[in-house]
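In each ligand, atom 1 is the first atom listed, and ligand 1 is the first ligand listed. Computation of the quantities below employed the complete heavy-atom set of this structure, encompassing side-chain atoms and omitting hydrogens, waters and symmetry-equivalent molecules. Predicted model only: the values in this text are computed from it and were never measured.
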Amino acid sequence: MQGNTEKQVTAQNLNIRAAKAISDTVKSTLGPAGMDKMMVDGGGGVIVTNDGATILQSLDIAHPGAKMIVEAANTQESMCYDGTTSTVVLAGQLLANSDTLFEKGIHPNIVCKGYRQASRWATEHLETLSVEAKAYLKKVAQTAITGKSLESSMEYVSSLCVEAVENAKGEYDKIRVLCQPGGALDDSYCFKGVVIHKEFIMPNMSPNPNGSAILVNTGLKNEKMDDNVQVQFQSAQEFQTYKKETGRDVWVKKAEMIAGHLPDGGVVFSRETVNEVLASLLARNNISVAHRIPESDMTALSHLLETPVYHSPEDIQGAGKGTINQEIIGDMKYIVVEGDADVTTLVLRGATRQTLDETERGFEDALGVVSIAYKTGNVVTGGGSTFISMAQLLRNRAAEIGGRQQMAIEAFAESLEVIPATIAENAGHDPLDTILALRSEHALGNFQYGPDVETGGICDMSEAGVWEPLNLVRQCIQSASEVSISILRIDDIVSKKPQDGQV
Ligand code: ADP
Ligand code: MG
């Protein structure tokens with residue numbers, strides 16, 4: 001039988017070791033000079049990426065402690081779109097440093113208390129380092145894509161990102177990305193509108209230039225009948241009524257109903273399939289039809305054309321306005337809808353599907369961070385400069401607390417330095433020299449200094465144009481410290497009985 005302390009040490013050790021293993025996996029990808037990972041699945045599928053979130057999502061992880069770390073990275077990704085590698089690396093270091101404290105006989109509860117206090121002080125200090133985001137949006141985009149495949153077209157890509165975010169007024173959800181292989185990255189563009197991967201039902205249908213459009217969910221297709229249905233009629237009149245309700249007359253009525261709202265023609269976008277008879281009747285009224293439009297496209301169209309998605313043709317109350325055209329992008333036909341609302345589409349071009357996938361991931365990160373900076377309004381210098389500054393503050397303040405908790409706060413401070421150290425190390429420079437140089441520069445009050453990845457020395461990150469959203473760094477500190485604390489508080493791992501329904 002294991003003693004209590006022994007059990008605790010084992011569970012903690014296992015969790016810390018598992019978490020460290022995850023952190024070590026992604027560590028070498030951190031920063032502008034980070035390496036890529038090639039991931040291969042059982043079926044031979046290959047992904048080459050530098051993106052921490054993508055790597056973590058693809059890892060086949062079984063250990064519960066490691067899973068908690070991945071969960072923290074997912075939170076970071078969903079809230080800030082970036083900073084996942086930093087979160088995992090920081091959490092790994094916090095856990096590794098707590099191990100040293102345990103060896104000195106400090107109780108996990110004291111470590112957790114110290115970490116909690118340190119996280120609070122660090123994030124408070126972080127706020128004082130921030131400046132207003134507006135002038136730095138392009139720099140934020142550039143910082144997010146350094147080290148990614150997009151770097152070669154840095155200037156163009158960052159302008160596109162800022163344009164898209166400004167069009168969408170910072171609403172990430174209103175930015176849509178369309179990837180079309182063929183062409184070069186520099187052929188990518190951004191416009192206010194939506195691209196729908198559909199064609200109009202009738203090949204010769206062409207939309208009315210005045211661009212009125214109606215969005216309908218259902219009610220334009222044949223009702224499904226089971227095979228071999230027999231219908232009995234009591235009288236000839238009943239048969240006539242049935243024919244009227246199910247036959248061509250129904251479509252004539254529906255076509256009239258719709259045409260009434262589109263007197264000068266226009267377009268009907270339908271979520272469901274549209275009956276061909278109805279489509280041809282509408283075509284006579286100069287109304288084009290596009291059907292089986294995915295729900296997300298319907299929502300975007302609704303924002304863009306400023307008209308609701310009506311449930312059925314009976315509910316229609318009016319049409320929305322926009323410019324609607326059929327266009328060929330690459331070798332595919334699309335319906336391109338332009339309007340004045342905040343909805344924005346980025347059309348990305350690239351040589352192959354594989355490079356385009358990595359391009360898309362890079363854009364998603366960049367668009368995400370720029371929209372966070374735009375919406376939350378504050379940015380800080382990157383390259384781990386803020387981490388050095390926070391570490392310094394913690395060392396200065398640790399003595400206020402005193403006792404053993406002070407040691408936990410100092411361990412937290414040291415952990416923070418892992419970010420700039422790793423950025424320098426991955427660029428092929430000495431992490432210790434970099435940290436020592438940064439500490440003395442920061443002691444002089446130059447709080448924007450970070451690692452110079454080119455020369456191996458240090459430099460002013462604001463002059464180097466390395467900026468990131470304040471919220472991104474704050475969330476990274478909070479997620480990393482919360483997950484470390486949760487893991488440190490676990491003193492035993494027990495097998496759980498499967499729940500009903502689970503095998
Ligand atoms: P994450 O998944 O944490 O975003 P990245 O690999 O994208 O990991 O690296 C992000 C880190 O690299 C941030 O700390 C960022 O400030 C830093 N960084 C980006 N560009 C530079 C640069 N030119 N010089 C130094 N640090 C940089
Ligand atoms: Mg990043």
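Classification of E171 and K375 as a salt-bridged pair holds, one side-chain N sitting under 4.0 Å from a carboxylate O. Taking 4.0 Å as the cut-off between side-chain N and carboxylate O, K139 and E468 do not count as a salt-bridged pair. Look at K20 and D99 and you find no salt bridge, because none of the NZ, NE, NH1 or NH2 atoms lies under 4.0 Å from a carboxylate O. Under the 4.0 Å criterion applied to side-chain N and carboxylate O atoms, E425 and K27 are not assigned as salt-bridge partners. Under the 4.0 Å criterion applied to side-chain N and carboxylate O atoms, E414 and R395 are not assigned as salt-bridge partners.
No other N/O/S atom of D82 lies as close to the Mg ion (ligand 2) as OD1 does.
When each of V140, L367, V157, L137 is paired with V162, the side-chain contact (heavy atoms from CB on, under 4.5 Å) condition holds for L137 and for no other.
Because the distance cut-off is set at 2.8 Å, D365 fails to qualify as a neighbour of the Mg ion (ligand 2), as none of its N, O or S atoms comes that close.
Relative ring orientation between H197 and Y334 is described as tilted, the plane-to-plane angle lying within the 30° to 60° band.
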If you look at each N/O of ligand 1, which protein N/O atoms lie under 3.5 Å away, and at what distance?
| residue | atom | partner | partner atom | Å |
| --- | --- | --- | --- | --- |
| ligand 1 | 2 (O) | T84 | N | 3.4 |
| ligand 1 | 2 (O) | T85 | N | 2.9 |
| ligand 1 | 2 (O) | T85 | OG1 | 2.7 |
| ligand 1 | 3 (O) | T85 | N | 3.4 |
| ligand 1 | 3 (O) | S86 | N | 2.8 |
| ligand 1 | 3 (O) | S86 | OG | 2.6 |
| ligand 1 | 4 (O) | D82 | OD1 | 2.8 |
| ligand 1 | 4 (O) | G83 | N | 3.1 |
| ligand 1 | 6 (O) | T29 | O | 3.2 |
| ligand 1 | 6 (O) | G31 | N | 2.9 |
| ligand 1 | 9 (O) | G31 | N | 3.0 |
| ligand 1 | 16 (O) | G383 | N | 2.6 |
| ligand 1 | 16 (O) | E468 | OE1 | 2.9 |
| ligand 1 | 20 (N) | T146 | OG1 | 3.2 |

